[in-house]
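Structure first, commentary second.
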There are 2 protein chains.
Amino acid sequence: MRPLLHPSIEDITVEGILHALSDPVRVAIFSNIVAQDCSHNCSSFLTVRDKAIPKSTLSQHFRALREAGLIHSERRGVEVYNTARCAEIELRYPGLIRAIINAHSIQSKLGAKARKPTVKKADRQKAANK
Amino acid sequence: MRPLLHPSIEDITVEGILHALSDPVRVAIFSNIVAQDCSHNCSSFLTVRDKAIPKSTLSQHFRALREAGLIHSERRGVEVYNTARCAEIELRYPGLIRAIINAHSIQSKLGAKARKPTVKKADRQKAANK
DNA sequence: TCAATAGTTCCGAATAAGCGAACTATTGAA
DNA sequence: TTCAATAGTTCGCTTATTCGGAACTATTGA
């Protein structure tokens, strides 16, 4: 089992952040961690917005957030505590995280179905077959 | 040849925007379109930051930006004119586009190598093989 | 020592991205 | 009109990424 690796602040890229937060499950997890401002273990997200997330997938999502530089993860006994790295990121990319979280919460309020691309490849093909 | 399709403003999602702008080529193209505030045809981006982009790939990138709701594309004669949909997006998700463009320009100034995930899967495997 | 808990890793299947080659649509000659 | 040039799209193949079940690891408390 290799150690949890975190990029140093200089290695955190905008593209990496956007990629990590372009997934509805990950952005939900991250928003939650930011909002609570306290440590979360991973399994508190085994269901996200009424959808069950398999453990292995969840683990990958946490790794994605971690390696994008968005969260700090620390093993404490049998579980892992996760905190947001907002303060650091704010110094480097002021306003970025706030704007994304804010937009995400607006979208939730609007009740928009949060899906990755606005038009998925599968949907395009379905439309084409009609 | 099917028509260029644009999502209506209600169908533009935060995840879609972040996904589209999580690619270094696309974010460079989009920043440029936003900065110039005038129409661009696609081929003006056949090289992006000294890297040649194949025509077919470029076409897909424009489609990604278009279907995420970031740009409006209009055929005019033999070419396509692209404009940013910032004003609309600003109404729905205030500050989002500005923050992303701003962060991107900070990153450019810092000279960080812009790559998608901070740690790519391929890089992880390369590191593991050492 | 053992079982329970929390996460990770492995690996095969499904999905998406990248790009060369062939194609379409428009324009401006000849 | 026909024809070549230009701008962009679509097809189809290859590669890369994601998802998730099953097996594994590490820590704790009985």
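Letters A, B, ... are given to chains in the order of the sequence lines, protein chains preceding strands, and every chain is numbered from 1. Note that these values count all heavy atoms, side chains included, but never hydrogens, waters or copies made by symmetry.
- When all heavy atoms of A/H104 and B/V14 are compared, the pair lying nearest together is N-CG2, 4.0 Å.
- Here C/dT15 presents its C1' atom at 14 Å from CG of A/D23, a figure rounded to the nearest Å.
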Just the dot-bracket of DNA chain D, please: which string comes out with Watson-Crick or G-U pairs under 3.5 Å, [ ] for crossing, | for another strand?
||||||||||||||||||||||||||||||
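- The distance from atom NE2 of B/H61 to atom P of C/dA17 is 10 Å, rounded to the nearest whole Å.
- Atom CD in A/E74 sits roughly 15 Å away from atom C1' in D/dT27 (whole-Å rounding).
- The side chain to side chain contact (heavy atoms under 4.5 Å, CB included) test with A/L21 is passed by exactly one of A/I100, A/I29, A/L96: A/I100.
- Looking only at side-chain heavy atoms (C-beta outward), B/R92 and A/L110 come within less than 4.5 Å of each other.
- Note: the hydrophobic cluster containing B/V48 also contains B/V27 (ILVMFWY, side chain heavy atoms under 4.5 Å, direct or indirect links).
- Counting only heavy atoms from C-beta outward, the side chains of B/F30 and B/I97 approach each other to under 4.5 Å.
- OP1 or OP2 of D/dT18 has at least one side-chain nitrogen or oxygen of A/H19 nearer than 4.0 Å.
- There is no side-chain donor-acceptor pair under 3.5 Å between B/H72 and B/R85.
- Spacing between atom CG of A/L46 and atom P of C/dT8 amounts to 12 Å, rounded to whole angstrom units.
- Annotation for B/G95 and A/A99: closest pair O-CB, 3.9 Å, computed over non-hydrogen atoms.
- Taking atom CG of A/N41 as the reference point, atom P of D/dT27 lies 17 Å away to the nearest angstrom.
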Check residues 76-84 of chain B and write down every donor-acceptor pair under 3.5 Å in which the side-chain atom is one partner and the other belongs to a residue at least two apart or another chain.
unit_1	atom_1	unit_2	atom_2	d
B/E79	OE1	B/N41	ND2	3.0
B/E79	OE2	B/Y81	OH	2.9
B/N82	OD1	B/S73	OG	2.7
B/N82	ND2	B/H40	O	2.9

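- With contacts defined as side-chain heavy-atom distances shorter than 4.5 Å, the pair A/F45/A/I33 qualifies.
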Polar atom pairs (N or O), protein with nucleotides 9-11 of chain D, under 3.5 Å:
unit_1	atom_1	unit_2	atom_2	d
D/dT9	OP2	B/S59	OG	2.5
D/dT9	O5'	B/S59	OG	3.4
D/dT10	OP1	B/R2	N	3.2
D/dT10	OP1	B/R2	NE	3.4
D/dC11	OP2	B/R2	NH2	3.3

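- Put simply, CD on A/E67 is 14 Å from C1' on D/dT17, counting in whole angstrom units.
- A straight line from CG of A/L65 to P of D/dT18 spans 12 Å, rounded to a whole angstrom.
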